[in-house]
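Everything on this sheet refers to the single structure shown next.
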Amino acid sequence: MERKKILLIEDEVKLARFVELDLRYEGYDVTVCHDGREGLQMITDHAFDMILLDLMLPGLTGIEICRRVRKFSDVPIIMLTAKDETMDKVAGLDSGADDYLTKPFAIEELLARMRVAFKHVHAGSTKKVHLEVQGLEIDTDKRMVTVDSTVVDLTKKEYELLLYLVQNKNIVLSREQILNEVWGYSYIGETNVVDVYIRYLRSKIDEAFQRKYIHTIRGVGYYVKDE
Ligand code: CA
């Protein structure tokens with residue numbers, strides 16, 4: 001099997017070196033870059049299987065890089081952040097990152113997150129279906145969502161959350177279930193990330209089209225209703 005190509009964009013030279021050596025030991029092909037602008041250029045010029053992206057970088061921030069990359073690529077991105085405030089993490093995920101990891105982290109934790117992110121890429125590409133709930137349509141082949149034929153612009157995670165809700169329409173899903181399925185594992189004590197994403201979806205779908213697709217069962221969870 002060909003070695004997976006990883007791009008690590010991290011300006012803390014020691015940390016970058018440490019991660020690079022560990023990933024090489026695990027069999028990954030690792031390229032390291034210490035500057036945001038250079039990193040974005042490398043992603044534009046070369047094909048990588050995954051990007052490990054520091055949040056605070058000289059040149060361009062991790063969030064800005066992520067936003068720009070998402071305009072042309074679905075490559076898995078794991079954000080590395082020194083800050084542990086939830087809102088910073090949510091901003092990172094909203095920019096299109098697949099996951100985030102707070103520094104300092106154990107290398108085993110990073111490896112586990114990488115495996116989850118790779119698995120998700122794989123799972124997404126095999127299922128090609130067309131789903132519909134009262135005017136809301138999801139084309140999983142094009143990863144496109146429309147309401148009454150109008151295209152709705154969603155970030156990667158918003159799309160994955162909506163897809164999960166629609167695939168399980170009329171079933172109430174708990175925050176923990178949603179985290180496990182959409183984010184890949186439990187974010188212990190941080191299930192409010194689900195509430196934040198439900199709010200994003202509601203403003204882009206329910207409010208924008210004056211419908212009510214996403215329903216809340218207080219203290220239980222969420223579901224999409226199809227009558
Ligand atoms: Ca940094």
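Atoms considered below: every heavy atom in the structure, side chains included; atoms not considered: hydrogens, waters and symmetry mates.
In terms of the ring-ring contact (aromatic ring centres under 6.0 Å, His included) criterion, Tyr28 has no residue partners (sequence neighbours excluded). For Tyr213, the side chain to side chain donor-acceptor pair (under 3.5 Å) criterion is met by Arg211, not counting sequence neighbours. Applying the side chain to side chain donor-acceptor pair (under 3.5 Å) rule to Glu207 yields no partners; only residues at least two apart in sequence or on another chain are considered. Checked against side-chain contact (heavy atoms from CB on, under 4.5 Å), Glu227 has the following partners two or more places apart in sequence or in another chain: Gln134, Lys225. Taking the side chain to side chain donor-acceptor pair (under 3.5 Å) definition, one finds that Lys142 meets it with nothing, sequence neighbours left out. With sequence neighbours left out, Glu64 forms a side-chain contact (heavy atoms from CB on, under 4.5 Å) with Leu60, Thr61, Arg67, Arg68. Residues meeting the side chain to side chain donor-acceptor pair (under 3.5 Å) test with Thr31, sequence neighbours left out: none. With sequence neighbours left out, the side-chain contact (heavy atoms from CB on, under 4.5 Å) criterion links Glu158 to Asp94, Leu154, Thr155, Tyr197, Tyr200, Leu201, Lys204. With sequence neighbours left out, Arg115 forms a side-chain contact (heavy atoms from CB on, under 4.5 Å) with Leu111, Ala112.
Annotation for Val13: hydrophobic cluster partners, listed by chain and number, are none (ILVMFWY side-chain heavy atoms under 4.5 Å, direct or chained).
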Please output the side-chain donor-acceptor pairs of residues 20-27 that fall under 3.5 Å, not counting sequence neighbours, one pair per line with the distance.
unit_1 : atom_1 : unit_2 : atom_2 : d
Glu20  : OE1    : Arg17  : NH1    : 3.0
Glu20  : OE2    : Arg24  : NH1    : 2.9
Glu20  : OE2    : Arg24  : NH2    : 3.0
Arg24  : NH2    : Val30  : O      : 2.9

Donor-acceptor pairs under 3.5 angstrom involving side-chain atoms of residues 36-44: please list them, not counting sequence neighbours.
unit_1 : atom_1 : unit_2 : atom_2 : d
Arg37  : NH2    : Gly59  : O      : 3.4
Gln41  : NE2    : Asp45  : OD1    : 3.2
Gln41  : NE2    : Asp45  : OD2    : 3.2
Thr44  : OG1    : Leu40  : O      : 2.7

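To the nearest 0.5 angstrom, Asp54 atom CG is 11.0 Å from Cys33 atom SG. To the nearest 0.5 Å, atom NE2 of residue His34 and atom CG of residue Leu57 are 11.0 Å apart.
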